[in-house]
6 protein chains.
Amino acid sequence: MTENTIRIGIYPGSFDPLTYGHLNIIERAAKLFDRLVISIAVNNTKTPLFTPEERAAQIRHVIGGDSRIEVDYFSGLLVEYARRKGACAILRGLRAVSDFDYEFQMAHMNHKIGPEIETVFMMTGEDHFYVSSRLVKEVASLGGDVTGLVPDNVFVDLCKKYAALQKGVQK
Amino acid sequence: MTENTIRIGIYPGSFDPLTYGHLNIIERAAKLFDRLVISIAVNNTKTPLFTPEERAAQIRHVIGGDSRIEVDYFSGLLVEYARRKGACAILRGLRAVSDFDYEFQMAHMNHKIGPEIETVFMMTGEDHFYVSSRLVKEVASLGGDVTGLVPDNVFVDLCKKYAALQKGVQK
Amino acid sequence: MTENTIRIGIYPGSFDPLTYGHLNIIERAAKLFDRLVISIAVNNTKTPLFTPEERAAQIRHVIGGDSRIEVDYFSGLLVEYARRKGACAILRGLRAVSDFDYEFQMAHMNHKIGPEIETVFMMTGEDHFYVSSRLVKEVASLGGDVTGLVPDNVFVDLCKKYAALQKGVQK
Amino acid sequence: MTENTIRIGIYPGSFDPLTYGHLNIIERAAKLFDRLVISIAVNNTKTPLFTPEERAAQIRHVIGGDSRIEVDYFSGLLVEYARRKGACAILRGLRAVSDFDYEFQMAHMNHKIGPEIETVFMMTGEDHFYVSSRLVKEVASLGGDVTGLVPDNVFVDLCKKYAALQKGVQK
Amino acid sequence: MTENTIRIGIYPGSFDPLTYGHLNIIERAAKLFDRLVISIAVNNTKTPLFTPEERAAQIRHVIGGDSRIEVDYFSGLLVEYARRKGACAILRGLRAVSDFDYEFQMAHMNHKIGPEIETVFMMTGEDHFYVSSRLVKEVASLGGDVTGLVPDNVFVDLCKKYAALQKGVQK
Amino acid sequence: MTENTIRIGIYPGSFDPLTYGHLNIIERAAKLFDRLVISIAVNNTKTPLFTPEERAAQIRHVIGGDSRIEVDYFSGLLVEYARRKGACAILRGLRAVSDFDYEFQMAHMNHKIGPEIETVFMMTGEDHFYVSSRLVKEVASLGGDVTGLVPDNVFVDLCKKYAALQKGVQK
């Protein structure tokens, strides 16, 4: 604990796509760290709706030119990635009690692998605690209105993506 | 988010008495903040085993001369206390899922009262997640051995306190 | 299930005091029943902040002249009270997972005692899920601002009540 | 809240197949609404054991000629379907605490999309709270006896279906 | 693990009063141990409805002359009591998820104090999972019918006890 | 409950692979039964990392020559398998609250199918409660160090398996 240390926090996730729930955590976490790295999971096994590059563009568009927030990608072990970035903490949002057990297990496993990196949690803001990327995609794919759940640029991207998918199906 | 801000975290609790579970959180939290204030709740309604002064002495003994950690008292609204201390965050340990709902409610309530102060959570370390002050007192009061659950000075204090209470009962 | 049956729902609680969380349930429940009875628990063992009469006045002030909503008192077995009122259902708000187990037990117990009366649940609205009467009183008693958590008349009543209690203490 | 309104409730689900747990909810819900629509989810992505038509036939056989209960199909957004049917409420059964978080999220999401349609919950009856369609199929597929968990006609259908699947595998 | 060891299980509790939920656990546990000790907690701080002797009589009446089941009292540390009785295991019933965290903490604490004594859990039977002594007393004290929740002799005892209390109040 | 009965316990699971969490349960369960059968689920639908034979070899290597512990395979209904083995109990480890609901449902379903066979639960030891086979594989597949989570022979097997898979991918 030295006062002139630069403290870096990692906020990892799929962000497929970014929701107002994520954004709420990002804005509040930015007060806690000198530098915040939003780290997009590049996972070969899952089939995301948006490419990592599309997701990075969505986040950068919303975050704007804040030089203290970095948008990055990661694959492999999160703890080793955090170590390479010089981070002191991994940040996770908790939405509901069902998140708890998995996060609890992961936090302990990560502590075993990298005891110098802490996992800290924040509760998702009251307006967005029921908003998950999965649910947003489910509603949007059925033609439901997700305004108010995702930033405007993400909303436009979702409309385009599902319109394209629909077209593909109709051919 | 300015790099030269001094970030102060508040770790509030009853600490009646300090356990290794608390200590584990304190040591890990010290990496996240420039200054950590351990804030002993001075609550008129509950009847604690140790006086606030005894509890402060127990903590100071263990923490030693680390000038970046302050031991303090608080009463009244936690958020207003945090504001007066210039803190950016309130730190809470999560031991188990049953802590979750209460902490969830408190975090949202505190956010409503003081939106500039964040609540962050850390999971209690794997060796101490089942250790609570309440359970330690219950076991110690029945003559059980709580070595390994509390620091040595707290262990001695517990023995003395229950011996004195026992004597009082026998008279 | 006859179409011309008048369906009466009972919404029981302490309402000590009424919060916006309760009000949200009341407004939404009013769409589901022909008549809604808000039933204030008159419990000899607990020591409430407001008398049953004060609580009834608070609710009536907010509900206004809606002739389909009745404010009433009850003591004894809820199911027998519901039977006497000719109700088909007891309505309960669910705020969080910690409410679940108790409500689950009570619903099954009530079903055993009065199988013809159903218990139905509604989730408290997103803006109020962390608001409980207990937490409102705790914050208000410490001088915290509970505007936005309770209706204005309840806010005034809380201020008066705690001012009077404060005076009593100072004497 | 007008007394002569016809109140319609929607009970949506996969019903793949109907269990005594569902039937318990249906019978109890029928007391709460003037008309109850059992709405079979027609979902392209999952591969059900029974076709929607088979499931509807199973339900109709058990429900019999009760003209106030309708068996219907739906796809797309549940809230928009409920709107088209003129329903005031979506009914969901809660079996266990693990159902809670998902239902909580869905209820809030549905409230955002269609605030005029309420979601109400009932606890599954004590004799059937551990009975799910998934578990019934798992046990039946392994040759276990599911009498007492599903109505007789569903029991016969399950036997036939798994016998046919078995035959297909053996060829 | 020697085949000719006599295995003794302890089933501790308040049993204030014995319910069919307890009885269900006792009957099923009797298959797992050579000897089962039902251990009534004699706790100075709580004020029970029935004296330890009344509770023992209620249990003995129901258990009858089964020489392998012992009814006993304990105070102090459960683990040390179990040790004195030569038990290999402490048996606990789990009714609901809300029991879990407390039992989890206690099991770990007991394992620390007496690692040679195991804690094993059984789920309360489906007909009784919502039945707790506390709820039975609450319903009985309000004049509700608790037949089917407690054995007949306990039912009679509850009626007598509350009639006597009622008389005491009226004087 | 006859004293000279041989009591057999079944500990079923995938054990893909065996972890120190499993081993902790096995060692503690061995005190409770005269004979313990570790039963490897042979499930056609899931694609395990290790074959049932590899998993059996891993377990036998660690268990050694203890003649009272048997390593076996099972498929089909667990309760019927337990019956064939002459077991009185199925043993399950509980790691976290998220295990609870599924285990609760399964225990009740199994009780319906085979009421003479009891399900008993033990809490996974404090050092291993966050260790699951799934998480071990996830970490090992990403090159993380799982020493301390699995026995040495399993550690070697994991390294070989992932090296072979890696080679297969690179070709």
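Within every chain, numbering begins at 1; the chains are lettered A, B, ... in the order of the sequence lines, protein sequences first and strands thereafter.
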Counting only heavy atoms closer than 4.5 Å, note whether F/T124 contacts chain E via side chain, backbone, both or neither.
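For F/T124, backbone heavy atoms alone lie under 4.5 Å from chain E.
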
Non-hydrogen contacts under 4.5 angstrom with chain F: give the residues of residues 77-92 of chain E involved, or none if there are none.
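Within residues 77-92 of chain E, the residues under 4.5 Å from chain F are E/C88, E/A89.
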
Test item: E/R7 and F/F33 side chains (from C-beta on) under 4.5 Å apart, heavy atoms:
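Counting from C-beta outward, E/R7 and F/F33 never come under 4.5 Å.
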
Can you tell me how far CZ of F/F121 sits from CD of E/E103, rounded to the nearest 0.5 angstrom?
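Those atoms lie 13.5 Å apart.
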
Hey, what do you get for CG (F/L94) to CG (E/L94), rounding to the nearest 0.5 Å?
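Spacing of CG (F/L94) from CG (E/L94) equals 7.0 Å.
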
Contacts with chain E made by residues 106-119 of chain F (heavy-atom distance under 4.5 Å), listed by residue number:
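So the qualifying residues are F/A107, F/H108, F/H111, F/P115, F/E116, F/E118, F/T119.
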
